[in-house]
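See structure below.
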2 protein chains.
Amino acid sequence: MASPSAKNVRTEDRGPTPLPPAKRKLADAMRRLLRTKDFNSITTAEISRTAEANEALIYRYFKDKRGLLHQVLYDYLLDFHMEIQGEIQAVPSALDKLRCLVRAHIRMYDSNRVFAKILLLEVRNFPAYFESSTYRLVKGYGKMVSRIIADGVQSGEIRDDIPVPRIRDLILGGIEHFCMAAVIFGHEISVALAADNLSDLLFKGFEKN
Amino acid sequence: MASPSAKNVRTEDRGPTPLPPAKRKLADAMRRLLRTKDFNSITTAEISRTAEANEALIYRYFKDKRGLLHQVLYDYLLDFHMEIQGEIQAVPSALDKLRCLVRAHIRMYDSNRVFAKILLLEVRNFPAYFESSTYRLVKGYGKMVSRIIADGVQSGEIRDDIPVPRIRDLILGGIEHFCMAAVIFGHEISVALAADNLSDLLFKGFEKN
DNA sequence: TCCCCCAGGTAAGTAATACTTACATACATT
DNA sequence: AATGTATGTAAGTATTACTTACCTGGGGGA
């Protein structure tokens with residue numbers, strides 16, 4: 001399914017519904033395979049073999065091969081959201097929130113290369129992704145960033161002469177490009193340093209003075 | 001071929017060697033098809049039909065379907081390079097050069113959506129791209145940006161407490177994210193406004209004061 | 001003039017692969 | 001016990017990227 005089926009997600013009234021074992025195995029297999037191969041060169045036969053599940057189950061539990069990819073990304077994104085929310089919740093000022101978010105975001109990409117690879121390299125070339133509920137989660141994250149920025153503008157911490165979406169684009173674009181090469185070539189990222197540099201640049205600009 | 005054959009490029013001693021008609025027709029067809037479809041859902045049959053050329057010619061003139069894509073990108077990149085070089089050559093200061101480059105880059109993406117789509121969405125998910133001579137051109141552009149920044153640091157226009165590659169990443173990442181949504185969803189870009197906003201943000205940062 | 005060579009062009013075929021269909025089995029609920 | 005539903009399986013099929021073997025025409029050396 002393009003949208004992860006609600007049935008396989010915890011519900012508060014009836015308790016957790018256990019996932020079909022094969023569904024989890026398939027998602028795990030996809031994650032494992034993505035560590036060493038790109039999505040396009042992973043075959044359905046390979047996925048089912050790695051998962052030790054029948055190939056047709058891919059199509060029972062997901063719309064298609066890409067649906068499986070979207071599901072994997074969806075799961076990562078839920079974690080990502082929780083993590084980020086938890087980190088910035090207690091932080092009072094908007095600028096500090098953003099500084100914190102930049103670090104957490106980079107750390108997430110660094111410690112979870114498959115997640116970064118899917119989000120940065122593997123989904124965007126597929127138009128239907130942008131109709132998926134997985135993309136809706138990504139958009140939600142963008143809106144959260146925008147809200148923080150808007151709060152900062154309100155409180156006088158952030159310039160009010162540039163539209164909020166532009167500021168958000170620069171932040172997210174900066175994070176992505178900071179991590180892109182490392183993700184593609186498998187280099188390590190010095191998270192603290194990169195985050196400090198990026199936040200500093202974002203806040204103060206690179207013009208001298 | 002992974003690397004565009006030198007024979008099909010103008011040489012100063014023997015004059016231009018004409019491209020095989022079918023080779024050009026195939027590249028044109030790929031460009032046309034990319035306006036409305038993503039690379040993965042364009043079939044070789046469709047390409048040859050659109051080009052009015054035999055399907056096997058794809059494999060005579062290019063390594064494979066992706067080789068054709070890379071060639072198309074390569075041609076765009078040559079234009080892109082010329083355009084940018086021409087614009088910033090006469091500009092004296094590093095900051096003005098960068099301001100100019102940002103505008104030219106955004107304008108290029110805006111007026112050439114297929115180019116932007118290939119570069120931002122279609123090639124990065126394919127590992128072999130990063131071994132291609134097409135990617136070498138992209139890297140060359142990055143190095144040019146780095147050189148401008150380094151000059152700016154030298155001349156005291158640009159901060160010297162942040163590594164040049166980080167500054168470059170922010171600039172290029174910012175440009176990409178500024179254009180990404182427009183490229184994906186086919187929205188228009190207000191080039192002058194976007195470029196001014198981005199340059200302003202990059203130079204001065206978004207912190208108030 | 002003849003021959004050959006080779007680049008440009010073609011038609012038919014092949015292996016691989018994403019996805020489908022029809023069927024079997026376990027199991028919970030009535 | 002019966003029945004319906006969710007899980008799992010095996011055997012396809014249609015599509016598609018890519019290959020192979022062949023044809024054609026023209027330029028240049030003998």
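Because the structure is a prediction, the values reported are computed rather than measured. Protein chains get the first letters and strands the later ones, always in sequence-line order, with residue 1 at the start of each.
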Of Ala22(B) and Glu55(B), whose nearest nucleotide on DNA chain C comes first from the 5' end? Ala22(B)
Which residue lies toward the 5' end of DNA chain C, Ala45(A) or Ala56(A), if each is placed at its nearest nucleotide? Ala45(A)
Could you tell me whether Ile42(B) contacts a base, only the sugar-phosphate backbone, or nothing, with contacts defined as non-hydrogen atoms closer than 4.0 Å? sugar-phosphate
At 4.0 Å (heavy atoms only), tell me whether Thr44(A) reaches a base, stays on the sugar-phosphate, or touches nothing. base
Does a side-chain heavy-atom distance below 4.5 Å link Asn125(B) with Phe39(A)? no
Nearest listed nucleotide, side chain of Arg60(A), among dT20(D), dA17(D), dG8(D): dG8(D)
Looking only at the side chain of Thr43(A) (C-beta and beyond, no hydrogens), which of the listed nucleotides dT10(C), dG8(D), dA18(C) gets closest? dA18(C)
Please report, rounded to the nearest Å, how far the [atom2] atom of [N] is from the [atom1] atom of [X].
{"X": "Lys23(B)", "N": "dA7(C)", "atom1": "NZ", "atom2": "P", "answer": "13 Å"}
{"X": "Leu57(A)", "N": "dT9(D)", "atom1": "CG", "atom2": "C1'", "answer": "8 Å"}
{"X": "Glu46(A)", "N": "dT17(C)", "atom1": "CD", "atom2": "P", "answer": "9 Å"}
{"X": "Asn40(A)", "N": "dA17(D)", "atom1": "CG", "atom2": "P", "answer": "11 Å"}
{"X": "Ile58(B)", "N": "dT19(D)", "atom1": "CD1", "atom2": "P", "answer": "12 Å"}
{"X": "Arg66(B)", "N": "dT16(D)", "atom1": "CZ", "atom2": "P", "answer": "17 Å"}
{"X": "Leu26(A)", "N": "dT7(D)", "atom1": "CG", "atom2": "C1'", "answer": "12 Å"}
{"X": "Asn54(B)", "N": "dT16(D)", "atom1": "CG", "atom2": "P", "answer": "17 Å"}

Do [X] and [Y] sit within salt-bridge range, that is, some charged N less than 4.0 Å from a carboxylate O?
{"X": "Arg107(B)", "Y": "Asp110(B)", "result": "no"}
{"X": "Lys117(A)", "Y": "Asp38(A)", "result": "no"}
{"X": "Arg49(A)", "Y": "Glu55(A)", "result": "no"}
{"X": "Asp200(A)", "Y": "Arg159(B)", "result": "yes"}

Between the main-chain N or O of Gly67(A) and the side-chain N or O of Asp64(A), is there a donor-acceptor pair closer than 3.5 Å? yes
Short side-chain N/O contact to dC19(C) OP1/OP2 from Tyr59(A), under 4.0 Å: yes
Considering just the side-chain nitrogens and oxygens of Tyr61(B), establish if one lies under 4.0 Å of OP1 or OP2 belonging to dG9(C). yes
Near-ring test Tyr109(B)/His105(B), centroid separation under 6.0 angstrom: yes
Do any N or O atoms of the protein come closer than 3.5 Å to N or O atoms of nucleotides 24-28 of chain D, and which pairs are they?
none

